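Residue numbers start from 1 in every chain, and the chains themselves are labelled A, B, ... in the order their sequence lines are given, proteins ahead of strands. In this text, all values refer to a predicted model and were calculated from it rather than measured experimentally.
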Amino acid sequence: MNLILTLRVLVNGVLFGTTYGIAAVGLSLIFGTMRIIFFAQGTFIIFFAYISYWLLTLLGIDPYLSLIIVIPASMLLGSALYYGIFKEAAANEDKNISLLLAIGLMYLMENFMLVVWTPDPRSVVTSYTTLVFRPFGIVIPFTRLTTLFIAVLTAAGVFIFLKKTLIGTAVRAASEDVVSTTLMGINPNWVNAVAFAIGIGLAGVAGVALATIYPFDPSYGFIFAIKALIALALGGIGNVYGALLGGILLGLIESLGSFYVGGGWADAISYGVFLLVLIFRPQGLFGGSIKKA
Amino acid sequence: MDSSNVVLRLDKICKSFGGLQVLVDLDMNVERDEMLGLIGPNGAGKSTVFNVITSIYRPDRGDIFFLGEKITGLAPHKVCHRGISRTYQLVKTFLKMTVLENVMLASVYGGKHPDKGTMERALETLELVELTPRKDILATHLTLSNRRLLEIAMALASMPVLTLLDEPMAGLTTVEIHKLLEVIKRARDERKFSIIWIEHRVDAILDFCDRVVVLDYGVKIADGKPDEVANDPKFIEAYLGEPAA
């Protein structure tokens, strides 16, 4: 009985952690080329959760089906954001300007959402929202399982893109050294725009996935950004693969923490782990050695 | 005066950082297929010349002409597309990527040469620097000397008109230096391109270059054939100090 309970906690942790994971992969990509923590990531996730909510309530489009619209739209929005807002700042050696832009954008979006959708929590309710599988007595909601499936598929897509395509290789190169990629003839704006497109695209996927499993409100975006940041730190900042694992690990920590220590402690524990990792293993749990400047 | 043979021309380039004048009214030419050595004591402004040519720094005054066109202030990636590539004093290869991926990037993005497949060109360039057997290993696992060769391959994969080599021999053993020189000479014979070569080892420059420019505190103090420069009193003074009275 106790074993099944533990298993249930673990499974839930993994299932929820994958959402953090996709968000963190987006953060990691944008960090790689832009060298900033893109704080607005969480707010965009919530934004796309609302878009999915609207598509369902106004047009009757199923959330999972809405991905067909949300993914290309969010990628377009991502590159537009780069060219419209970040392009000039990215050329500046002082990265604080880009960072402040990201924070400004986050609050702008949050307040925009407060006006449009009010501070009341919304949730996406479908015919399968309450659908639950019970293998061996472990309760697995259908929506969470689908989220895991989508996350794995998305992450695999991003990894293949980075590994197998030339554009992906250029993005990887830029995250090692932007100046030398530029001198090799790679347009830095173009690489940054690609990173933004994928980063916001991932926010789109995470937003839809989140909407199906959790009630959300505009202020949740900032919290989500912080969670993604913790996942990023666990996995190693700049390590795309680690980011996904970091997200899953964070999900586990929260799930185990709230079950064995107490619900109120879950967040405190994850922030504690965040600090400990940054102090003792700044390269992340899955990375190799870190380059000391 | 046959100016059509000039590939790169620096026209009265001035660059200062804070109050420090690093380059003062520098005039310099590079001819087609020429190997030009650029030497000078530490802090003479040699690397700054490279950073100005590749548009990392914008000169305070003066202009840079490449193949007859002004390229002053052009974005660095566009300078590369025009046909200028470079290597660095501290080797900059992408360590987390394989040798082939490194060269592929340079081959694909470095220039626009529709005549030949980029993959083919990347492989051919690797062959040129004798790194073909190591094409699938990560750059981080290469020795320093192989990493330098890789960097040279990356600089050559874009089929440049002009390549800037920043101290390619630094930190290498005598045997490795021999191999490097051999590769550079062979590449130049096969590919035909111009080189500006910064080097600490003046003897190598005097041996291998067609022409030598000497910088001292950002001022050009000598420019000519290696044997002329070697006997130039200003050159001797810059390197050995003022002669005893």
Side-chain angles (χ1 to χ4, degrees), chain A residues 28-29 31-33 83 87-93 158-195 235-243 283-284 286-293, chain B residues 50-51 53-58 74-113 117-119 122 138-141 147 150-151 153-160 163-164 166:
Chain A
S28 181
L29 274 170
F31 178 83
T33 66
Y83 281 109
K87 189 183 162 205
E88 296 303 318
N92 203 310
E93 226 166 283
V158 172
F159 296 155
I160 290 169
F161 166 78
L162 288 175
K163 201 78 195 169
K164 297 288 175 198
T165 68
L166 279 167
I167 307 175
T169 310
V171 170
R172 273 191 293 145
S175 58
E176 275 196 55
D177 189 333
V178 179
V179 176
S180 28
T181 49
T182 307
L183 290 171
M184 283 170 71
I186 298 172
N187 184 344
N189 288 322
W190 184 72
V191 174
N192 284 337
V194 170
I237 293 169
N239 177 354
V240 174
Y241 309 90
Q283 73 271 41
F286 313 111
S289 61
I290 193 168
K291 254 194 283 179
K292 290 234 165 80
Chain B
F50 278 13
N51 285 331
I53 295 173
T54 52
S55 221
I56 294 287
Y57 300 150
R58 205 195 161 110
L74 206 65
H77 67 275
K78 289 187 183 151
V79 173
C80 177
H81 292 164
R82 296 283 178 103
I84 301 180
S85 65
R86 74 172 287 183
T87 71
Y88 301 83
Q89 202 172 338
L90 299 168
V91 192
K92 287 194 177 186
T93 51
F94 301 110
L95 298 176
K96 292 181 203 158
M97 306 190 334
T98 68
V99 168
L100 182 60
E101 281 175 336
N102 270 280
V103 182
M104 263 308 268
L105 268 190
S107 153
V108 173
Y109 294 104
K112 296 179 177 81
H113 309 276
T118 47
M119 180 56 134
L138 292 181
T140 183
H141 296 138
R147 237 181 268 167
L150 171 58
E151 211 186 15
M154 289 160 74
L156 296 182
S158 60
M159 303 301 272
T163 294
L164 315 177
D166 198 345

Let me know if [X] has heavy atoms under 4.5 Å from chain A in its side chain, its backbone, both or neither.
X	value
Ala75(B)	neither
Thr93(B)	backbone
Thr54(B)	both

Non-neighbouring partners of Tyr88(B) that pass ring pair (Phe, Tyr, Trp, His ring centres under 6.0 Å), sequence neighbours left out: none

Measure the shortest side-chain to side-chain distance between [X] and [Y] over non-hydrogen atoms and say whether it is less than 4.5 angstrom.
X	Y	value
Thr163(B)	Ser85(B)	yes
Arg82(B)	Leu74(B)	yes
Arg147(B)	Leu95(B)	yes

Among the listed options Thr169(A), Asn187(A), Asp177(A), the residue most often paired with chain B at heavy-atom distances under 4.5 Å: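 The candidate making the most pairs under 4.5 Å is Asn187(A).
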
Where on Thr181(A) is there a heavy atom nearer than 4.5 Å to chain B: the side chain, the backbone, both, or neither?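 For Thr181(A), heavy atoms of backbone and side chain both lie under 4.5 Å from chain B.
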
Checking Ile167(A) against chain B: side chain, backbone, both or neither under 4.5 Å from a heavy atom?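 Both parts, heavy atoms under 4.5 Å.
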
Between atom OG1 of Thr140(B) and atom CD of Glu176(A), what is the distance when rounded to the nearest 0.5 Å?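 If I round to the nearest 0.5 Å, the distance is 8.5 Å.
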
